[in-house]
**Q** 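Handing you this structure, nothing more for now.
Computed over heavy atoms, backbone and side chain alike; hydrogens, waters and symmetry mates excluded.
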Amino acid sequence: MFHSIEKQLSRAFRDHIQARYGVDLPFGVEQPRQSDFGEMAVPAAFQLAKQLRQAPRKIAAELVDEVGPVPGVAAMEVAGNGYINIRLDRGAYGAALLADEPEATVAAGEKIIVEHTNINPNKAAHIGHVRNAALGDTFVRMMRALGQRVEVQNYIDNTGVQVADVVVGFKFLEDKGVADVKALLADSSVRFDYYCWDLYARTSGYYKDHPEALQWRAATLHSIEAGEGELSELAHLVADAVVEAHLATMLRLDVEYDVLPRESEILHLQFWASAFEQLKERKAIYLETEGKNAHCWVMPGLSEEGKVIVRSDGTVTYVGKDIAYQLWKFGLLGKDFYYRPFRKYADGRVLWITTDDATAERGDFGRGSRVYNVIDARQSYLQDVVAAGLRGLGYNDQADRSVHFSYEMVALSPRCCADLGIQLSEEDRKRTYVEVSGRKGLGVKADDLIDTLIAKALEEVDARHPESPAEERRRVASQIAVGALRYFLLKFTRNSVIAFDLQEALSFEGETGPYVQYAAVRARNILRKLEELGEKVPDFAAELSPEAMARQLQSEDFWQLLLAASKADSALERAVAAGEPAHVAKYAFQVAQAFNNFYHQYPIIHEENREKKVFLLWMTDFFRRQLERTAGILGIAIPDYM
RNA sequence: GCGCCCGUAGCUCAGCUGGAUAGAGCGGCUGGCUUCGAACCAGUAGGCCGGGGGUUCGAGUCCCUCCGGGCGCACCA
């Protein structure tokens, strides 16, 4: 509601300024610093003053006189040295919210592709991976909430060096073959992804002292590429099992995908060959004849030496494959995968996986008009190379619509390392944070963290609801844990490095997910309590006349509360435009805060004046809906009780 | 050396395409549970927005410069 008035207001002023002064003036509707200035402010007179060479206050006065009425706006006044402050018609505003008029959403024509998670399937997921997934998943939910069509891809690099290193660990360090690994997989006392976590760190360490062991890696990669031999079979065993583990971990956090494109298919279906032909044909890369990159195919431009795309031995680098993949996402490659259904989520959504089996189905994946790659900031150079590849092929539009949705890493605070018993060097101890490293096995595993959070939440739930069934308490604790974790990772803006602190992440008070959940639970409790007392939740539309609504909203307090609760669409649109899930998190917290304030200050069920009571109940229900919806966009469920 | 990011309250961070008196959480201090459950609420202290120039009617926000910190710049992914 707030947002639709914002849009109408902005349009009215823009049209009027265009007609009256002949200027197309892009300006945003602001929110005044002080609430007694009104609900919105238009700063257009300042910008116009520059062009018209007149005093802003005079222009503002003209605008107010001439712009004409805007639906929902009760008054406009000139303030300061040229602000136009807007006062809304409170009764009409409340009545519109009561009528629950649906907001106009964007017509979903084009498809947006979001790639996120993208964890190498060779070890357990860690906290940094969870930030990636939380950001990607939330951004997807945000766009879907605006009515956009979004496809979620989780790319699986099942043929890369990292998988190969774990295979090397199994085969050459532990002398385990296919049968042994299968036995390990069948052993329910072993968490396979954890096992690989340690093994990967061990193999990486081994290379350091035994550089000759790198030939094992080469042999493994060769076997994988050829698609034959025991090493290749081991690689598939490892990657498939770890992918399963990752999907399970992510499902705990309510993260789901539409399709899993795998590198093995990119290899077997020769995606790279098609991309290579295009790149050569359009001269986006050239064969270097001298210098250190001699005999390599190189993409010029980004650095002095250029970026090697094809090595002198003829193999393609990671970026090369990524260019092919990016071309496919836009439907520009001229090739497609085959697909088979991989699993069905509880909500009915089917997750597909790619296959090279030509008898399998064709699918409706890729061919996006806009692509977001959720990848950490350290890879921005490589993402630039990919975009440059598109440009080199003449796909400038697609390059522009190819967004590196970057975010900073999750590091560990020194205190957190101490809590986890991680030994630090003298040097690291002085730093404000320590970078996690899969190679060193240094990091917080996602499942461990979730388990710890659930245990802590369960203590709280047990203390408060000892009478509830254990299974139910467990579910509530799990929802609280996920709420806490997702909120914690989302409340930071993307380019802020998170110095992960266990104690902070375990907090359920203040600006946290549980705070938001608690507010929603309280709102529900009131409505439930009412029914327990033998009353019915009123038919608000029937009982609250426009006059009654206007009367109640004369209270400045109520008005401000309702205003705060009704800005979801405005907040959401800004957050999507800025690409910042943190803005939604912040908004959710503000609504929760407003509700807690309301809850504390006004007895609702015991209110004796009928009109006021109905109004208060409506406010409670309105807050509840807004809290549930906003939390839902953050991927945070509301427990039955807390 | 080159490129990107960061520097705002004791700590962790917001601050929307430049706008009115710089905000929140935590921590500190003071108060509030016989009430719709206190995972809550109210109050309070705490700031040359890293330094210096500039652009502008107006700068935490844009430009330049310096200082401090982080991350990239492989025939690894």
**Q** Looking at B:A77, I'd like to know if its phosphate oxygens (OP1 or OP2) sit under 4.0 Å from a side-chain N or O belonging to A:Tyr318.
**A**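 No, A:Tyr318 has no side-chain N/O under 4.0 Å of OP1/OP2 on B:A77.
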**Q** Could you check whether A:Asp322 gets within reach of a base, just the sugar-phosphate, or nothing at all, counting any heavy atom under 4.0 Å?
**A**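 If one applies the 4.0 Å heavy-atom cut-off, A:Asp322 turns out to touch nothing in the nucleic acid.
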**Q** Classify the nucleic acid contact of A:Asn81 as base, sugar-phosphate or nothing, counting any heavy atom under 4.0 Å across all strands shown.
**A**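 Nothing, no nucleic acid heavy atom in range.
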**Q** For A:Leu527, answer base if it contacts any base atom (sugar-phosphate contacts may also be present), sugar-phosphate if it contacts only those atoms, and nothing otherwise; contact means non-hydrogen atoms under 4.0 Å.
**A**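 The residue A:Leu527 makes no contact with any strand.
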**Q** If B:U44 has a Watson-Crick or G-U wobble mate with both distances under 3.5 Å, name it; if not, just say none.
**A**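 Result: B:G28.
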**Q** When all nucleic acid strands are considered with a 4.0 Å heavy-atom cut-off, which category describes A:Tyr641: base, sugar-phosphate, or nothing?
**A**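 The answer is nothing, as A:Tyr641 stays clear of every strand by at least 4.0 Å.
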**Q** Reading RNA chain B from 5' onward, which residue's closest nucleotide shows up sooner: A:Glu435 or A:Leu382?
**A**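 Taking each residue's closest nucleotide, the earlier one in sequence belongs to A:Glu435.
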**Q** In the strands shown, is B:G7 matched to any nucleotide by a Watson-Crick or G-U wobble pair with both distances under 3.5 Å, and which?
**A**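 Base-paired to B:C67.
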**Q** Spell out protein contact along nucleotides 4-16 of chain B as letters: B when the base is contacted, S when just the sugar-phosphate is, - when no protein heavy atom is under 4.0 Å; keep the 5' to 3' order.
**A** -SS-----SSSSB
**Q** Using a 4.0 Å heavy-atom cut-off, does A:Ala523 contact any base of the nucleic acid, only the sugar-phosphate backbone, or nothing at all?
**A**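 Nothing, no heavy atom under 4.0 Å.
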**Q** Measuring only the P atom in each nucleotide, how far is B:C62 from B:G47? A whole number of Å is fine.
**A**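 Approximately 25 Å lies between the P atom of B:C62 and that of B:G47.
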**Q** Sugar-phosphate atoms are those with a prime plus P, OP1 and OP2; base atoms are the rest. Using that split, label each nucleotide of nucleotides 41-46 of chain B B, S or - for protein heavy atoms under 4.0 Å, 5' to 3'.
**A** SS----
**Q** By the 4.0 Å heavy-atom rule, please label A:Asp376 as base, sugar-phosphate, or nothing.
**A**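 Nothing, no heavy atom under 4.0 Å.
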**Q** Between A:Val316 and A:Ala41, which is nearer to the 5' end of RNA chain B once each is assigned its nearest nucleotide?
**A**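 Whichever sits nearer the 5' end wins; that is A:Ala41.
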**Q** B:G3 base stacked by A:Tyr381? Criteria: ring centres under 5.5 Å, plane angle under 30°.
**A**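 Here the ring of A:Tyr381 and the base of B:G3 are not stacked, as the 5.5 Å and 30° limits are not both satisfied.
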